[in-house]
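In what follows, a structure is listed as structure tokens, so that the remarks can point back to it.
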Amino acid sequence: MKYLEGNFLNRIRTRFAPSPTGYMHIGNLRTALYAYLFAKSSGGDFILRIEDTDRARYVADAVDFIERTLAAAKIIPDEGPHQGGNFAPYVQSERMEIYKKYAEKLIETGHAYRCFCDNEEPEENPGEEKKFGGYNRHCRDLSPEEIEKNLAEGKPYVIRQKMPLAGETTFFDVLHGNITISNTELEDQVLLKRDGMPTYNFANVIDDHLMEISHIIRGTEFITSTPKHVLLYEFFGWELPTFIHLAPVMGKAADGTVSKLSKRHGATGFNDLIEMGYLPEAITNYVALLGWNPKTTNQEIFNMEELMKIFSLDGLSKSPAVFDYNKLDWMNGEYFKNMTDEEFAERADKFFGELDENLTSKKIYLAGLLKTRVAKLNEIPDMIKFLQVMPAFDIELYTNKRNKITPEKSAEIISGAIPILEKAENWNVDELTKVISDFTEKSGLKVGTIMWPLRIGLSGQKVTPGGVIEILYLLGKETSLQRLNDTLKNLQ
RNA sequence: GGCGCCUUCGUCAAGCGGUUAAGACACCGCCCUCUCACGGCGGGUUCAAGGGUUCGAAUCCCUUAGGCGUCACCA
């Protein structure tokens with residue numbers, strides 16, 4: 001608890017520090033969200049920092065991609081590569097001089113050393129039992145002469161952290177309490193790589209300190225390397241930030257096994273989800289609740305402003321959470337249902353595809369029918385296809401036991417309905433409702449019995465978004481009658 | 001394998017020594033209804049196991065099991 005209280009910064013400053021891979025995993029998005037919400041819930045700052053110290057991994061335009069994605073999710077950094085800030089630059093590859101300076105300082109104080117070992121073949125004593133990591137600490141205690149000689153020869157080197165050989169390191173984590181790891185578990189990790197770039201484990205510490213990050217929110221995969229960071233803070237005499245290690249987001253495979261959410265579980269990128277027609281606000285909302293919950297309410301639908309207000313660290317759960325597409329579907333649907341038809345039409349626009357003039361003019365109406373029937377936008381094309389082209393169908397579709405309908409009976413009903421529909425003057429929902437109910441009444445049949453064959457004849461399918469009246473209206477008079485006449489021919 | 005973390009319905013979860021163990025999604029049933037949805041009502045399913053501590057344990061302690069993570073010149 002002392003670290004939590006002892007933090008010297010009054011202002012809450014959190015960061016999201018992705019490497020530029022051109023992909024925003026849902027788990028990363030959640031980490032960013034929590035860091036953002038936590039900062040914002042207390043009026044603090046949220047910083048975006050790009051950790052691009054691995055040249056091999058660099059992806060063009062990835063920084064842009066990250067910023068666009070965060071913006072789509074309404075996560076707006078206060079400081080970052082594009083917005084700048086007092087601690088610029090926010091891209092690590094542009095901060096190499098800084099890391100170099102601090103690494104050398106560590107050498108001076110005896111907490112780090114140059115290692116001239118070959119990258120490919122670390123010099124090892126074959127018989128020696130490995131006691132720490134993968135490196136045998138060969139260069140840990142080179143004599144000054146040896147070092148000079150190597151340097152003079154221009155031998156490339158890395159800088160390694162000199163870990164204590166005994167003792168243990170303890171740090172406080174808000175979620176997990178004190179975590180203690182024996183120093184003998186700690187490798188003399190590389191701080192500065194041969195190419196002059198820092199490693200994550202080094203740059204992260206330097207930047208978090210320099211950028212005055214107060215709370216480090218990141219995944220549990222960093223728990224075991226945190227003692228190395230803590231030691232670095234101690235070497236420099238810096239105050240420790242508060243650590244919060246988040247449990248991972250898991251996925252459930254078809255065989256029931258649970259593992260870290262990955263491609264095999266379906267779409268796992270924020271952008272993949274968007275393309276499927278999940279709304280960014282629904283994704284954010286869902287993801288916020290995946291591993292966090294507001295203790296004081298059962299409310300589940302939150303917009304960003306509400307989340308910023310209500311978010312707090314003690315609602316975070318320390319066990320992994322399984323990503324549930326079912327619930328996301330539901331939540332997405334909740335957002336749809338809360339929209340006006342106009343809004344829905346606008347959001348869904350690209351999923352409607354090319355609509356003819358008639359349907360285009362009725363798009364808002366169509367949207368109204370669709371918005372309660374769709375979990376995600378990419379279901380729309382299949383759902384409205386029948387309005388654009390009449391599907392081929394088996395005449396047996398007309399058979400329906402519950403309504404005691406047969407193809408023969410259907411032919412009767414359809415041929416009875418055609419002339420009446422032809423007489424309809426105003427082809428709108430009100431009039432059609434009236435026309436059809438008059439027809440039903442006169443026929444003495446039940447509504448369902450009348451509607452069934454009409455639906456089949458009009459749509460070629462037994463399930464449609466909306467009822468017969470709605471379909472008649474959407475299709476328009478000409479197309480409706482055309483379809484009924486066509487099917488009647490087939491029935492006779 | 002060493003080390004570390006985790007463990008309440010199928011899933012997200014509330015719970016903080018005394019509860020009929022909330023709520024939501026999913027599932028099932030009923031109602032509404034021209035189909036499908038929407039909406040309404042109702043239902044089943046949960047404290048990983050074993051030991052303690054205690055008058056009393058999902059809650060505290062220990063052990064076991066399982067899951068996950070980590071042991072890079074990746075982050």
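In what follows, every chain begins at residue 1, and chains take the letters A, B, ... in the order their sequences are listed.
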**Euclidean distance for C1', B:A48 against B:G10 (whole angstrom)** = 16 Å
**Prompt:** Would one find a side-chain N or O of A:K193 under 4.0 angstrom from OP1 or OP2 of B:C74?
**Reply:** yes
**Prompt:** Could you give the NZ-to-C1' distance, from A:K260 to B:C6, as a whole number of Å?
**Reply:** 14 Å
**Request:** Have a look at A:F222 and say if it touches a base, only the backbone sugar-phosphate, or nothing, with a 4.0 Å heavy-atom cut-off.
**Result:** base
**Message:** Need one value for A:N298: base, sugar-phosphate or nothing, where a base atom within 4.0 Å counts as base even if backbone is also close, heavy atoms only.
**Reply:** base
**Asked** Would a line drawn from the ring center of A:W292 to the ring center of A:Y34 be shorter than 6.0 Å?
**Response** no
**Request:** Could you tell me whether A:T464 contacts a base, only the sugar-phosphate backbone, or nothing, with contacts defined as non-hydrogen atoms closer than 4.0 Å?
**Result:** base
**Prompt:** Contact class for A:T180 vs. all strands (heavy atom < 4.0 Å): base, sugar-phosphate, or nothing?
**Reply:** sugar-phosphate
**Request:** Mind calculating the distance between NZ (A:K252) and P (B:G10) to the nearest angstrom?
**Result:** 8 Å
**Asked** Taking atom P in both B:U11 and B:G17, what distance in whole Å separates the two?
**Response** 27 Å
**Message:** Rounding to an integer number of Å, can you tell me how far A:I380 CD1 sits from B:A37 P?
**Reply:** 17 Å
**Asked** If you measure from the C1' atom in B:C9 to the same atom in B:G23, how many Å do you get, rounded?
**Response** 12 Å
**Complete:** Answer for the Watson-Crick or wobble partner of B:U20, both distances under 3.5 Å, is none
**Message:** What contact category does A:G291 fall into here, base, sugar-phosphate, or nothing, at under 4.0 angstrom with non-hydrogen atoms?
**Reply:** sugar-phosphate
**Prompt:** Quick check, are the ring centers of A:F323 and A:Y325 under 6.0 angstrom apart?
**Reply:** yes
**Message:** What's A:I469 touching, base or sugar-phosphate or nothing? Going by heavy atoms closer than 4.0 Å.
**Reply:** base
**Request:** Tell me which nucleotide among B:G23, B:G15, B:A26 gets nearest to the side chain of A:E300.
**Result:** B:G23
**Message:** Just to be sure I understand the rule, does A:V374 reach a base, reach only the sugar-phosphate, or reach nothing, if contact means heavy atoms closer than 4.0 Å?
**Reply:** nothing
**Request:** May I ask you to say what A:T449 touches in the nucleic acid, namely base, sugar-phosphate or nothing, with a heavy-atom cut-off under 4.0 Å?
**Result:** nothing
**Message:** What contact category does A:K371 fall into here, base, sugar-phosphate, or nothing, at under 4.0 angstrom with non-hydrogen atoms?
**Reply:** nothing
**Prompt:** How would you label the contact of A:M331 with the nucleic acid (heavy atoms, under 4.0 Å): base, sugar-phosphate, or nothing?
**Reply:** nothing
**Asked** When we call it a touch if two heavy atoms are under 4.0 Å apart, what does A:Q299 touch: a base, just sugar-phosphate, or nothing?
**Response** nothing
**Request:** Could you measure between the two C1' atoms, the one in B:C28 and the one in B:U20, and give it in whole Å?
**Result:** 23 Å
**Item:** A:I301 CD1 to B:A24 P, straight-line distance once rounded to whole Å
**Value:** 13 Å
**Request:** Ignoring backbone atoms, test whether A:K327 places a side-chain nitrogen or oxygen under 4.0 Å from the OP1 or OP2 oxygen of B:C12.
**Result:** no
**Request:** Would you classify A:V322 as touching base, sugar-phosphate or nothing, given that sugar-phosphate means primed atoms plus P, OP1 and OP2, and contacts are heavy atoms under 4.0 Å?
**Result:** sugar-phosphate
**Asked** To the nearest Å, how far apart are A:N293 CG and B:U8 C1'?
**Response** 13 Å
**Asked** How would you label the contact of A:G467 with the nucleic acid (heavy atoms, under 4.0 Å): base, sugar-phosphate, or nothing?
**Response** base
**Message:** Applying a 4.0 Å non-hydrogen cut-off, can you work out what A:W330 is touching in the nucleic acid: base, sugar-phosphate, or nothing?
**Reply:** sugar-phosphate
